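Data block below; observations after.
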Amino acid sequence: MKTHNLVPRDFRKITRHYHGSSAASINNINVDIVPSIVTRGNSILLNLSNIKALIKSDTVVIFDSLSNSSGSRMNESHSHGSLLKDMNEKLKPKKEQDDLPYEFRALECILIHVMLNLTTEMNVHKTVLQNILSRLEESIERVKLRYLLIQSKKIAQFHQKTTLIRDLLDNILEQNDELNALYLTEISKGKPRLQANHAEAEMLLESYYKTIDEIVQTVENLRSQIKTSEEIINIVLDSNRNELMLLGLKFSTGLLSMGCALYIAALYGMNLENFIEETDGGFELIVGGGSILLLLLLLFSVKQLKKVQRITMTGMGRENSRRSNKRNKW
């Protein structure tokens, strides 16, 4: 804090938990806090995705978490290692970059690294989601639906993270004071920029604002695909459920018709005396009459079932719609 002229509350912009006195000993960095780019006098405090940094006119401080048994920490350390390697190459003084201040080159290097990580993560989510949806097209199973739910939650979290970064860049572009405060080299020389002449900062931030906006639009399309797939799955499941109910109704109508015919046989099973069994052809008459009754009841039940099946977008059958049309004509 004494070296970089900061106060304790400034560190809350980049981490919630810190131990020790050096930047290298900061642990338990929470990557889920809201991203921020804050100017503090002659420095910029930056928190984007998993990158926490302090940028000055001639120095960059990266707040890195120590490697431990956690796989995520190892990945963060590797990511920071690649960032430091890129910054070591790009922040060297070069003649063709003399017109661009040091702090802008450092900020651009961090933004490039963040956008590459977000693009890679987006492609992973996109590939996993496409695989899940393609498998669901083959068959709808409980395990696949569970994977779809898990992936939907991950994409929702990723969408929130990218949206916050896009809104952050948008807010900075709309504030002239914040854009002027990014010129740390001029501030260190005692010549702070006060006018609205900050084309370099605008061009830098607008370029990566468009990149993050494309990522957000792609993620929104993925969420739209998930929503559409869920609606189609619900329609298919409802259709299958209706088919099962219809199959049950068909069996019920068949059993009802057969039960009416069997009622006659049950009566004769009680040995009722009606002298029909003594006549020639009595057995054939009863069997034929019962079969005809069974067929009549079955045809009547099937006809009523077809009327129930005829469903229109308005929820009325064809006959009801014709009747309503006749009434409207009258």
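The chain is numbered in sequence order, starting from 1. Everything quoted here is computed from the prediction, not taken from an experiment.
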**Q.** NE2-OG1 distance between H159 and T218, expressed to the nearest 0.5 angstrom
**A.** 10.5 Å
Q) Rounded to the nearest 0.5 Å, how far does OG of S36 lie from CD1 of I172? A) 9.0 Å
Q. Who passes side chain to side chain contact (heavy atoms under 4.5 Å, CB included) against S139, sequence neighbours left out?
A. E141, K144
(Q) Holding to side-chain hydrogen bond (donor to acceptor under 3.5 Å, both in side chains), I want the full list of residues that pass it with Y102, two or more places apart in sequence or in another chain. (A) none
(Q) Show every salt bridge (charged side-chain N to carboxylate O under 4.0 Å, His left out) that has at least one partner inside residues 223-240, sequence neighbours left out. (A) D238-R241
Q) Would you say S43's side chain and T39's backbone share a donor-acceptor pair under 3.5 angstrom? A) no
Q: Quick one: pull up CD in E206 and CG in L169 and give me the separation to the nearest 0.5 Å.
A: 10.5 Å
Q) Pick one: which of L133, N221, I155 meets side-chain contact (heavy atoms from CB on, under 4.5 Å) with I226? A) I155
Q: Using salt bridge (charged side-chain N to carboxylate O under 4.0 Å, His left out) as the criterion, list what pairs up with D170, not counting sequence neighbours.
A: none
Q) Which residues satisfy the salt bridge (charged side-chain N to carboxylate O under 4.0 Å, His left out) test with E200, sequence neighbours excluded? A) R193
Q: Please confirm whether the backbone N or O of K56 pairs with a side-chain atom of T59, one donor and one acceptor, at under 3.5 Å?
A: no
Q. When you look at CD of Q217, are more than 12 heavy atoms from neighbouring residues, nucleotides or ligands closer to it than 6.0 Å?
A. yes
Q: Mind telling me whether Y183 and F104 have parallel, tilted or perpendicular rings, with 30° and 60° as the class edges?
A: perpendicular
Q) In terms of hydrophobic clustering (I, L, V, M, F, W, Y; side-chain heavy atoms under 4.5 Å; direct or indirect links), are V124 and L129 co-clustered? A) yes
Q: For residues L222 and Q225, determine if any side-chain heavy atom of one lies less than 4.5 Å from a side-chain heavy atom of the other.
A: yes
Q.
Show every salt bridge (charged side-chain N to carboxylate O under 4.0 Å, His left out) that has at least one partner inside residues 110-128, sequence neighbours left out.
A. E121-K161
Q) Quick one: CG on D58 to OG1 on T185, what's the gap to the nearest 0.5 Å? A) 8.0 Å
Q. Would a hydrophobic clustering, with Ile, Leu, Val, Met, Phe, Trp and Tyr connected at side-chain separations under 4.5 Å, put V60 with L84?
A. yes
Q. Taking a hydrophobic cluster as the set of Ile, Leu, Val, Met, Phe, Trp and Tyr residues connected by side-chain heavy atoms closer than 4.5 Å, whether directly or through intermediates, do L148 and V236 fall within one such cluster?
A. yes
